[in-house]
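Each remark here refers to the structure printed beneath this line.
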Amino acid sequence: MSELIDALNQLQKEKHIEKEVIMQAIEDSLVAACNRDFGKNAIVKVNMDRETGDISVFVEKTVVEDVEDTATQISLEDAKMIHSNYELGDIVNIEVTPKNFGRIAAQHARSVIVQKIKEEERRVVFEHFAHKEKDIVTGVVQRYNGKNISVSLDDKTDAVLTEKEQVKGEVFKPTDRIKLYVVEVKDTNKGPKIIVSRTHPELVKRLFEKEVAEVYDGTVEIRSIAREAGSRTKMAVYSNDPNVDPVGACVGINGARVNAIVNDLHGEKIDIITWDDDPAVLIENALSPSNVISVEVNEEEKSARVVVPDYQLSLAIGKEGQNARLAAKLTGYKIDIKSESQAAELSEELDFGDDFDDEDFDFEEETDLDEEENLTEDIPAEEEENASLTEEPEE
């Protein structure tokens, strides 16, 4: 059986599967096989020599005065024949290695080794990609399966980029190398299942961590990110070092850093703004590139009213409302954008309403109930009826 030990040593070296794990598994499988021959009550033990690979089978029996179950008990007289030191209650291990057991053991060893290799390979792959969860990996496009894309992550591991996680408009060819965000790694009976994405906002964040040293070491923090995959991303950054400009660090010299990420995202636009703890300032920054005249924030309702110049209203809202929508996602506030003239008109309407209420209130204060009765005393009956009809709406 020394050939088996040599094979296990080689396996440990090449597959990184511990020899002890496989030897223990072989022993367990042989115990299960022997139980079928010796009965359910028998306590069978299989011992595999760690140096030579020789295998022996033992049945464990208890020394008793009167034997009731021969599968688990042995008389004191018989025990003394094995060794004179045995006493009542002692445990005796009796070797019962069957004939031709080497052939049986070899068959079990083969099946166990094959199974363990598969299990360990799956475990190694799972552990490797479990550490990559919530991170980015580079994959090579293999083929299209319907609307899904099969992507190779390494020589033995494939992932499926589903239609839901693909960016609209992106088309890949076999052998194209693409960056992917690992959403989740699941351990299944068929091996690890790796869920990847090209649309996840964290993909952009991880790309900046790889590209920008200040983000990677924590000098610059990405506080918030909002993304419409394939079109535009807004990102708010903050610097923990007053000497480091967070936006400049992410953009790089002549835009080198941000352009590298834009290339990875196939031309997706990226707006980088400065984070501010003041919601009004943050909202103003988030609506970039539009200028902002004023911001009124209601922190309880998480809403804000923003006034922009008339000529920049469409810029602030963006194409199909994209700029305003991303700013709202980035800040967490519901944003109502008004042009300067719209805000002025709304203010005039409110002022007019306030004036109207004041006049109405003054009229009621100055009008006395006795005077109203005097006004109707000298009016003829017909005119009095008409007067009461006209006064009803005022009530």
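Computed from a predicted model, the values in this text were never measured in an experiment.
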Salt bridge (Lys or Arg N to Asp or Glu O under 4.0 Å) contacts touching residues 230-243 (sequence neighbours left out):
R232-D271, K234-D271
For the atom pair CG (L265) and OG1 (T199), what is the distance rounded to the nearest 0.5 Å?
11.5 Å
Inter-residue atom distance D264.CG - L203.CG, 0.5 Å rounding:
8.5 Å
Taking salt bridge (Lys or Arg N to Asp or Glu O under 4.0 Å) as the cut-off, I'd like each qualifying pair that reaches into residues 286-302, sequence neighbours left out, listed once.
none
Among all residues two or more places apart in sequence or in another chain, which pass the salt bridge (Lys or Arg N to Asp or Glu O under 4.0 Å) test with E65?
none
Between D78 (side chain only) and I74 (backbone N and O only), is there a donor and an acceptor less than 3.5 Å apart?
no
In Å and rounded to the nearest 0.5 Å, what is the NZ to CG distance from K193 to D158?
14.0 Å
Does D276 reach the main-chain N or O of D278 with its side chain, forming a donor-acceptor pair under 3.5 Å?
yes
Ring centroid separation H131 to F126 under 6.0 Å
no
Would you say that K186 contacts I195 through its side chain, given a criterion of any heavy-atom pair below 4.5 Å between the two side chains?
yes
CE/M48 to CD/Q24 distance, rounded to the nearest 0.5 angstrom?
11.0 Å
I would like to know whether E228 and Q322 meet side-chain hydrogen bond (donor to acceptor under 3.5 Å, both in side chains); could you show each step before the answer?
CA-CA 9 Å; E228 291 189 0; Q322 185 186 67; 3.1 Å; yes
